[in-house]
Amino acid sequence: MEIIASRGNKDIARVFVGKFNNKLVEFVESRQPPLLWNEKWVIIVSVSFGCPIKCKFCDAGGNFAGHLTARQMFKQVDYLIVQRYPNRTVLVPKLKIQFARMGEPALNPAVIDAMKMISENIYAPGLIFCISTVAPTTARCESFLEQIAEIKNKMNGKFQLQFSVHSTDENQRNEFIPIRKWQIPDIAKFGEKFWYPTDRKITLNFAVSKNTELDADKIVQYFDPNLFLIKITPINPTESASSNNIESAFTFDIDKKTEKFIISLRENKFDVIISRGEFEENFIGSNCGQFVNKIQNSNTFNKNHERHYGKKYRLIHL
Ligand code: SF4
């Protein structure tokens, strides 16, 4: 893998663009303030060149050019590991490796082999794998998620599985995530079949727009709070969100609709995490699949970005 560009702040988050046979991927490292790098380190890698799903607020959608091999996924992780830990021994209490950058992991069975390769080549007792999926409805994807449950069991429940739900209304979910996928009851049934109360809870992620339907009763009806938790995030300021007129319900202060949803869920014993991300990440462009697209127009991108944020965040060609 050739690294052709990077951008960001080493203390908050950095995004890298790697090239495999003339195709670009992006991957990210970040910490989770207030924790330090040596307390929690998050690495987010791409599983595909582009993404075939085309979610309405994600810049990684479109320009799909195939899935990465296990080795190509491993290379992204290894590049970052070796920079900080050349002997590949990572004694960070939490090293989260997330297969969620560009691409839908359940469409790429090589993700399972990539996890194996990482476990075999990097010594990291604090390793937690994380899969973030929209749960496409295909036999291959369903088998993939069953294999994930097996890996979770081997890791004694230390596995983070996240479903992108984004609305409690199925029609709206179809607008945001325009493929055939599991509906809300299907996700609930999967958790009941494969997850245990002693495992790390499955996350139901809602990136909340101003128009998103948030009906806590539907969550309470289907999901067990011992198996599932809810994560609320703002819509990231992507170009796709902007061109599809999807406006975040909040940036810092939670809006009334989202607040009502959260209160009602908590009253029904659900854990609710509010994840705003780092404001600086938006400047860096490390939130979604923004970077590969922008690198094609790096001169214009740098000019506009420097005008707003200064030279600190300019894109650096290596
Ligand atoms: S959010 Fe995930 S599944 Fe949807 S287009 Fe982006 S990378 Fe693909």
Side-chain angles (χ1 to χ4, degrees), residues 15-18 23-28 30 42-68 72-73 76 96-111 114 129-138 140-142 144-145 148 160-167 170 172-184 186-187 202-209 212 231-248 275 277 281-282 285-295:
V15 58
F16 296 84
V17 174
K23 293 187 201 167
L24 301 183
V25 291
E26 60 180 48
F27 55 103
V28 171
S30 66
V42 183
I43 291 177
I44 310 174
V45 299
S46 291
V47 300
S48 302
F49 299 103
C51 181
I53 307 275
K54 300 184 189 158
C55 297
K56 285 288 187 292
F57 37 72
C58 174
D59 284 350
N63 301 320
F64 175 63
H67 297 302
L68 273 73
Q72 288 169 332
M73 287 178 257
Q76 298 167 64
K96 182 162 134 185
I97 298 183
Q98 195 167 350
F99 295 84
R101 185 66 192 176
M102 293 174 83
E104 162 53 58
L107 295 177
N108 184 357
V111 168
F129 287 124
C130 176
I131 291 287
S132 181
T133 179
V134 301
T137 313
T138 67
R140 200 162 90 166
C141 295
E142 286 171 17
F144 175 90
L145 287 171
I148 288 297
Q160 193 175 333
L161 175 62
Q162 177 170 301
F163 288 101
S164 303
V165 181
H166 299 326
S167 171
E170 294 293 352
Q172 200 169 43
R173 293 190 68 226
N174 291 338
E175 272 172 43
F176 290 150
I177 311 168
I179 52 142
R180 282 191 62 227
K181 63 200 159 298
W182 282 357
Q183 297 200 341
I184 284 173
D186 302 318
I187 297 172
I202 297 174
T203 302
L204 304 175
N205 185 35
F206 290 83
V208 184
S209 78
T212 299
K231 185 164 102 181
I232 306 285
T233 63
I235 299 274
N236 291 324
T238 60
E239 288 178 9
S240 300
S242 161
S243 62
N244 288 308
N245 294 319
I246 300 174
E247 210 178 323
S248 186
S275 175
E281 285 184 8
N282 293 336
S286 71
N287 274 319
C288 273
Q290 300 173 311
F291 201 46
V292 162
N293 294 337
K294 281 171 175 164
I295 200 166

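No hydrogens, no waters, no symmetry mates; every other heavy atom, side chains included, goes into these values. Remember, it's 1-based here, ligands and their atoms both numbered in the order they're listed.
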- Run the ring-centre check on Phe163 versus His166 and record whether the distance is less than 6.0 Å. no

- Under 4.0 Å from ligand 1, counting heavy atoms only: the protein residues, by chain and number: Cys51, Ile53, Lys54, Cys55, Cys58, Ala60, Gly61, Arg101, Gly103

- Message: Do Lys181 and Asn174 have side chains that approach each other closer than 4.5 Å (heavy atoms only, starting at C-beta)?
- Response: yes

- Query: Do the non-hydrogen side-chain atoms of Thr137 and Glu142 ever get within less than 4.5 Å of each other?
  - Reply: yes

- Do Asp59 and Ser240 have side-chain atoms, one donor and one acceptor, less than 3.5 Å apart? yes

- Query: When you look at Glu26 and Arg101, which way does the salt bridge (Lys or Arg N to Asp or Glu O under 4.0 Å) test go after all the steps?
  - Reply: CA-CA 7 Å; Glu26 60 180 48; Arg101 185 66 192 176; 2.6 Å; yes

- Under 4.5 Å between any side-chain heavy atoms of Ile131 and Phe144, yes or no? yes

